[in-house]
Each structure stands twice: as C-alpha cells, then as structure tokens.
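See structure below.
All residue numbers in this chain count up from 1 along the given sequence. Because the structure is a prediction, the values reported are computed rather than measured.
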Amino acid sequence: TGMVGFQLAYEDVLQKPAPAREVTSGWGAAPALLVGVDVHYGLSRGTRLGFHVNLLDLGALGSIRFEDPDVKDTTTGEDVDPTTDVSAQANPDVRVEQVFAPGFFTYIGLGPFDVGPVVSFVPSLRPARDASGEIEPLSVVRYGLVLAVDVSVLPLL
C-alpha cells in the first residue's frame, strides 16, 4: 500500500557530528510518500482503524526544517561558531539511503483519507559540515502526524 499526503514531524537527530558536539533537533514538514504493508479493520461504513508498516518513504527527500539547526558544545551547552567549527544544514543532503525509511503509521481512515501518528527512522537526512569542510550525514527519527490518501498498490483481500 502507498500513503500519499503531508507530514508534520519533530526530527530527533541521533548522531553527534564531532566529539562534544550535538546538532539540535527540531520541527519540519515533508510530503508523505509511504510505501509498505497495511492492515486495517473496518469499524463502520467508510471508517477504519489501520496500521501501516512503511519500508520506503520517498517524501523524506523533500523534507525541510522550519529553523536552521544549531550545533551545541555538549560540555558547555553553548552554540558553536559555524564559521570555525561544525555547522548543520536545514535542507537534506539528498542520498539514496534516505528513501529506505522504516517506520510505522497508526491511523483512522475516513473514506480514502487517513490521519494519525507516524514514527520513522531516516538515515543520513541532515548534513553537518565540520571545520575542514567535510560533510557528515546525520540520521534522524521523525515523530509526527500524517494526513494521507490510501493508494492500494497490491490489494491482497
């Protein structure tokens, strides 16, 4: 099944870009283009509860952060100078592995529309640049809300 729509999510950055450095997490938005396995139970006419396990999220490539992420020194808690130290970017550094974003989406469906919470792991989504100019991609876990249309790719039942 495919879920096509819009996602509003909090991105929790998992990796540190350098020793004693941490990229701040934050809110973002993205198209929701989830592809995976879907199981649902019909409640009444046109209404259902469902659970979607996504394997691919093509929308991760188009995600944006609402604010530029800051880099903090974990020993002092202060922001570091991006011109002389590590800096992070709000826009993703597009990579093929970002499409493989496992996660799950629990939803209530009304007709073709589905809405509910989503959690997914997106590898290498946010780029961080160190003082030497080398880019290190940082992975994130996204917690959010999705509004989507259910597009059955291969209906089994």
Side-chain angles (χ1 to χ4, degrees), residues 1-18 21-72 74 77 79 86-129 135-157:
T1 300
M3 300 286 183
V4 179
F6 177 76
Q7 179 176 195
L8 176 67
Y10 183 79
E11 295 179 354
D12 187 12
V13 179
L14 298 178
Q15 298 159 284
K16 297 181 181 189
R21 300 291 187 257
E22 181 178 81
V23 175
T24 58
S25 300
W27 288 94
L33 301 169
L34 309 173
V35 179
V37 179
D38 179 73
V39 177
H40 59 268
Y41 177 76
L43 297 175
S44 65
R45 197 173 173 144
T47 305
R48 66 195 173 284
L49 286 177
F51 186 76
H52 178 86
V53 177
N54 58 294
L55 306 173
L56 305 174
D57 183 3
L58 303 173
L61 299 173
S63 68
I64 58 167
R65 285 275 297 261
F66 294 140
E67 295 179 0
D68 287 338
D70 293 324
V71 180
K72 296 198 177 288
T74 56
D79 290 346
V86 177
S87 65
Q89 299 171 2
N91 296 324
D93 181 23
V94 178
R95 296 171 177 263
V96 172
E97 63 261 27
Q98 294 164 352
V99 173
F100 300 100
F104 55 90
F105 170 43
T106 304
Y107 65 88
I108 184 163
L110 304 167
F113 300 100
D114 300 318
V115 64
V118 66
V119 175
S120 60
F121 169 76
V122 185
S124 306
L125 184 65
R126 297 290 164 217
R129 185 180 311 275
I135 292 179
E136 177 185 355
L138 306 176
S139 298
V140 302
V141 173
R142 294 193 318 193
Y143 308 94
L145 184 68
V146 169
L147 174 61
V149 175
D150 185 340
V151 181
S152 293
V153 178
L154 180 64
L156 296 177
L157 300 176

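- Minimum heavy-atom separation, Ala101 to Ser120: O-CB, 4.3 Å.
- Heavy atoms of other residues, nucleotides or ligands lying less than 6.0 angstrom from CZ of Phe113 number 12 at most.
- Looking only at distances, no side-chain donor or acceptor of Asp12 sits under 3.5 Å from a matching main-chain atom of Ser25.
- For the pair Ser139 (side chain) and Ser124 (backbone), a donor-acceptor distance under 3.5 Å is present.
- Within 6.0 Å of the CZ atom in Phe51, the count of heavy atoms belonging to other residues, nucleotides or ligands exceeds 12.
- Other residues, nucleotides and ligands contribute more than 12 heavy atoms inside 6.0 Å of the CZ atom of Phe66.
- Taking CG of Leu43 as the start and CG of Leu110 as the end, the distance is 9.5 Å to the nearest 0.5 Å.
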Chi angles and distances behind the side chain to side chain contact (heavy atoms under 4.5 Å, CB included) call for Val146, Tyr107: CA-CA 9 Å; Val146 169; Tyr107 65 88; over 6 Å; no
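- With no hydrogens or angles considered, a side-chain donor-acceptor pair links His40 and Asp38 at under 3.5 Å.
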As a quick check of understanding, evaluate side chain to side chain contact (heavy atoms under 4.5 Å, CB included) for Thr1 and His52, giving each step before the final call. CA-CA 8 Å; Thr1 300; His52 178 86; 4.2 Å; yes
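- One finds the CG atom of Leu145 at 8.0 Å from the CZ atom of Phe105 (value rounded to the nearest 0.5 Å).
- Closest heavy-atom contact between Ala30 and Arg142: CB-NH1, 3.9 Å.
- No side-chain donor-acceptor contact under 3.5 Å links Arg65 to the backbone of Ala29.
- Remark: Leu8 CG to Leu147 CG distance equals 11.0 Å, nearest 0.5 Å.
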Test Ser63 against Gln98 for side chain to side chain contact (heavy atoms under 4.5 Å, CB included), laying out the working first. CA-CA 11 Å; Ser63 68; Gln98 294 164 352; over 6 Å; no
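- Taken to the nearest 0.5 Å, the CG atom of Leu58 stands 9.5 Å off from the CZ atom of Phe100.
- A distance of 9.5 Å separates CG of Asn54 from CE of Met3, quoted to the nearest 0.5 Å.
- Taken to the nearest 0.5 Å, the CG atom of Asp150 stands 11.0 Å off from the CG atom of Leu34.
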Quick one, Ile108 with Val115, criterion side chain to side chain contact (heavy atoms under 4.5 Å, CB included). Give me CA distance, side-chain angles, the key distance, then yes/no. CA-CA 6 Å; Ile108 184 163; Val115 64; 3.8 Å; yes
